[in-house]
Amino acid sequence: MSDIRLSLPDGNEKRLPAGITGLGIAESIGPRLAKDALAIKLDGRLQDLNLPVDQDASIAILTFDSPEGHEVYWHSTSHLMAHAVKQLFPRAKLAIGPAIEEGFYYDFDLERPFTPEDLEKIEKKMAELAKAATPVTRKNISKADALAFFINRGETYKVELINELPDETISIYEQADFADLCRGPHVPTTSKIKAVKLLSIAGAYWRGSEKNKMLQRIYGISFPAKEKLDEYIARLEEIKRRDHRKLGKDLDLFSISEESGGGLVLWHPRGALIRKTIEDFWRDEHQKNGYDFVYSPHVGRASLWETSGHLSFYRENMYSSMDVEGQEYFVKPMNCPFHIMIYKNKLRSYRDLPLRFAELGTVYRFERSGVLHGLLRVRGFTQDDAHIFVAPEDMETEVVQVIAFVVKMLRTFGFDDFKAYIATKPEKSVGDDSKWEQATQALKVAADKAGLAYELDEGGGAFYGPKIDIKIKDALGRLWQCSTVQFDFNLPERFDMNFIGVDNQAHRPYVIHRALLGSLERFFGMLIEHYAGAFPVWLAPVQAKVLSITDRQLDYAKGVRDKLLAAGIRAEIDTRSEKIGFKIREAAMDKVPYILVVGDKEVEQNAVAVRERGGKDLGAMPLEAFMTGISDLIKNKRTTTELTRG
RNA sequence: GCCACCGUAACUCAGUUGGUAGAGUAGCUGAUUUGUAAUCAGCCUGUCGUGGGUUCGAUUCCCUCCGGUGGCUCCA
């Protein structure tokens, strides 16, 4: 048999006999690689390790250390789980079981609900099946054979899927008596699956449509090494520890009361103080960036929402109407129509543009009870909204400015890692192609100029215009969507908006919707989780807490507190007759950035003993020095608690 | 809304052949005057989410509704 030439990722070339398997190739490179190998990539196409390679190709051996490796591994684990489920619950019907971003799931149709105990049993069975090192093999069969095969097994969901496949040859994967319809690739043997944890059971509609039957979905995760799984589980615990709902309660930031209504946030004094600090900063920055502030009502006449199109396109998210002297009114789900009303209140000239109307506008949207989630998904929220009315020729300059503004704002809150998504024209849309092209291009240019890497979401735009969404990466590497900048070709038409151009003719302005933080509720929730409740000094509701050691320092401690307050530093005092360790414990649990202990020594030296958040004892320093240091951090919105001394 | 699980004191949670409830924390009172993450003692705390059913008797078993959690769909 003749040799084939394989080029490796490192640029080297290897000659091997044609027909060698992917595993064989991996072995020829090294035993370690062969052990870690999950699949092989041939000219960019993934293939099973136990299949032959017949032609010259550029190859790469896929291991767990890549997103594609994760996918193969998790997908194979989902098969293993389905295998185990079929053994334990032969009546369960298979639906689908893909790999997802973190782990995998498989949907089953089974009369009796799965219980947490079932998960343990399934995990055990999976370990058994993995240990048995059953080979996983691919079989290509005709569509007719595949149909017969799955009909015979009573796998009606698979039959439905096969019927919709265009190909005449169908691939199925088998491991022992288990078989699944699958494109592959898969690991060559079940023994590759080492450490598995089944995480949760959830309902999921067949094919995601609520018209279909509700199936049972089991989520899980797996890793080639137990340590990796342990790390993952530790991460889940960390996520739980940072949960903004828990921290919101512990730190007394906000609550949501059953009595006043789900999805409606009650901001407690400390949370409200943080919000106010964010808002003050937000307003200052908007003023500097040429925005005008506006305020608009919470309700508006039906005719307004008819003109805007909300009643035809957004009604399912709006609360039912109220009757005002025979006129129908609606609570606002968005601010834009009001801002447009302000624009239209007088004739605008090209000299007025761009006009930037900004409002912390509270909107209400109907969300189904099942989707509400702490601060992240609510029914009433305040958008840091603005609408920019701009002449077409200035659009690009404007977008560049907006994106730069977004980035600056987010960086101040301590986020440096962003991911941008530009969504382009969907199938159903308004506005001609040239407009879309121009606006999409402007978004790309703006992202480039701001140094933002972006991905294109082809066809993902709203029907009224393209948009860019910016996601923030938090301390745990999770992505959160906050900022959005959207073009709107629809509203200017609907409201017949105009401005008078240099040519003394009426022209249509562009409307750009934009939110930097998204909603104050969601942003706050995200901030809580990002900082695990330990906010930067400028945001912390209490910035310094003065603790007296005995009653002898009472007056001095009060004096310190008053001086701090006078300097604009949010300070509190604890003069209870408790031991210092106790008071420190409480202040530390409140995540106060600085604890100032005052005893006889400090009184004598006009000093404070500073304990930084995290437990670092800085010892005694003159009160003035502390105040200078903390004021500097606050003024510059630093995210560190490290005082610059001197 | 749908599926699963859950709902006991302000908070975290115990409470099995069905006999009207308990711990820690917090709170309050008092003692203690304390040097870097829990001083001690005493006191208080409940329509056992709601409504109904079964039963002599229900926190416990059954049903309804409300709310929460994890998902599905959607999204700031």
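The model shown is predicted, which means the values in this text are computed figures rather than measured ones.
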Contact nearer the 5' end of RNA chain B, comparing A:Arg207 with A:Gly261: A:Gly261
Let me have the donor-acceptor pairs involving side chains of residues 586-594 of chain A, under 3.5 Å, with sequence neighbours excluded, atom names and distances please.
from, atom 1, to, atom 2, distance (Å)
A:Glu586, OE1, A:Arg576, NH2, 2.6
A:Tyr594, OH, A:Thr641, O, 2.3

If the condition is salt bridge (charged side-chain N to carboxylate O under 4.0 Å, His left out), which residues does A:Glu285 pass it with, not counting sequence neighbours? A:Lys288, A:Lys408
Quick one: A:Ile201 CD1 to B:G71 P, roughly how many Å, whole number? 13 Å
Taking B:U33, B:A76, B:C72 as options, the one with an atom nearest any side-chain atom of A:Ala204 is B:C72
Looking at A:Arg514 and A:Ser483, would you say the former's side chain and the latter's main chain have a donor-acceptor pair under 3.5 Å? no
Of the listed nucleotides (B:U33, B:G71, B:A76), which one gets closest to any side-chain atom of A:Tyr219? B:G71
Atom CZ of A:Arg379 to atom C1' of B:G67: distance rounded to whole Å? 11 Å
Looking at A:Phe338 versus A:Trp305, is the centre-to-centre ring distance below 6.0 Å? yes
Salt-bridge criterion met for A:Arg242 and A:Glu238 (N-O under 4.0 Å): yes
Please give me the minimum heavy-atom distance between A:Ala557 and A:Ser548, naming the atom from each residue. CB-CB, 4.3 Å
Can you name the residues that form a side-chain contact (heavy atoms from CB on, under 4.5 Å) with A:Asp551, not counting sequence neighbours? none
Only counting residues at least two apart or in another chain, list the ones meeting side-chain contact (heavy atoms from CB on, under 4.5 Å) with A:Lys240. none
Results of salt bridge (charged side-chain N to carboxylate O under 4.0 Å, His left out) for A:Arg377 - residues two or more places apart only: A:Glu367
Counting N and O atoms only, with roles assigned by atom type, does the side chain of A:Glu359 sit under 3.5 Å from a partner on the main chain of A:Ser296, one being a donor and the other an acceptor? yes
What residues, two or more places apart in sequence or in another chain, satisfy side chain to side chain donor-acceptor pair (under 3.5 Å) together with A:His70? none
Sorted by chain and residue number, the side-chain contact (heavy atoms from CB on, under 4.5 Å) partners of A:Tyr314 (sequence neighbours excluded) come out as A:His310, A:Asn317, A:Met318, A:Pro333, A:Met334, A:Arg365
Mind listing the N/O atom pairs, protein and nucleotides 8-10 of chain B, below 3.5 Å?
none

So which of residues 91-114 of chain A are in contact with RNA chain B, with a heavy-atom cut-off of under 4.0 Å? A:Pro113
Determine which bases of RNA chain B form Watson-Crick or G-U wobble pairs with both distances under 3.5 Å, and write the result as a 5' to 3' dot-bracket string with | for other-strand partners. (((((((..((((.....[..)))).(((((.......))))).....(.(((..]....))).))))))))....
For nucleotides 35-41 of chain B, give me one character per nucleotide, 5' to 3': B if any protein heavy atom sits under 4.0 Å from the base, S if the only such contacts are to the sugar-phosphate, - if neither. BBBBB--
Closest approach of A:Arg522 to A:Ser519 (non-hydrogen atoms, all atoms of both residues): N-OG, 3.0 Å
If the cut-off is 4.0 Å, is A:Arg365 near the phosphate of B:C74, judged by side-chain N/O to OP1 or OP2? no
Donor-acceptor pair under 3.5 Å: do we get one between A:Tyr205's side chain and the base of B:G1? yes
Within residues 513-525 of chain A, the residues having a heavy atom closer than 4.0 Å to RNA chain B are A:Gly518, A:Ser519, A:Arg522
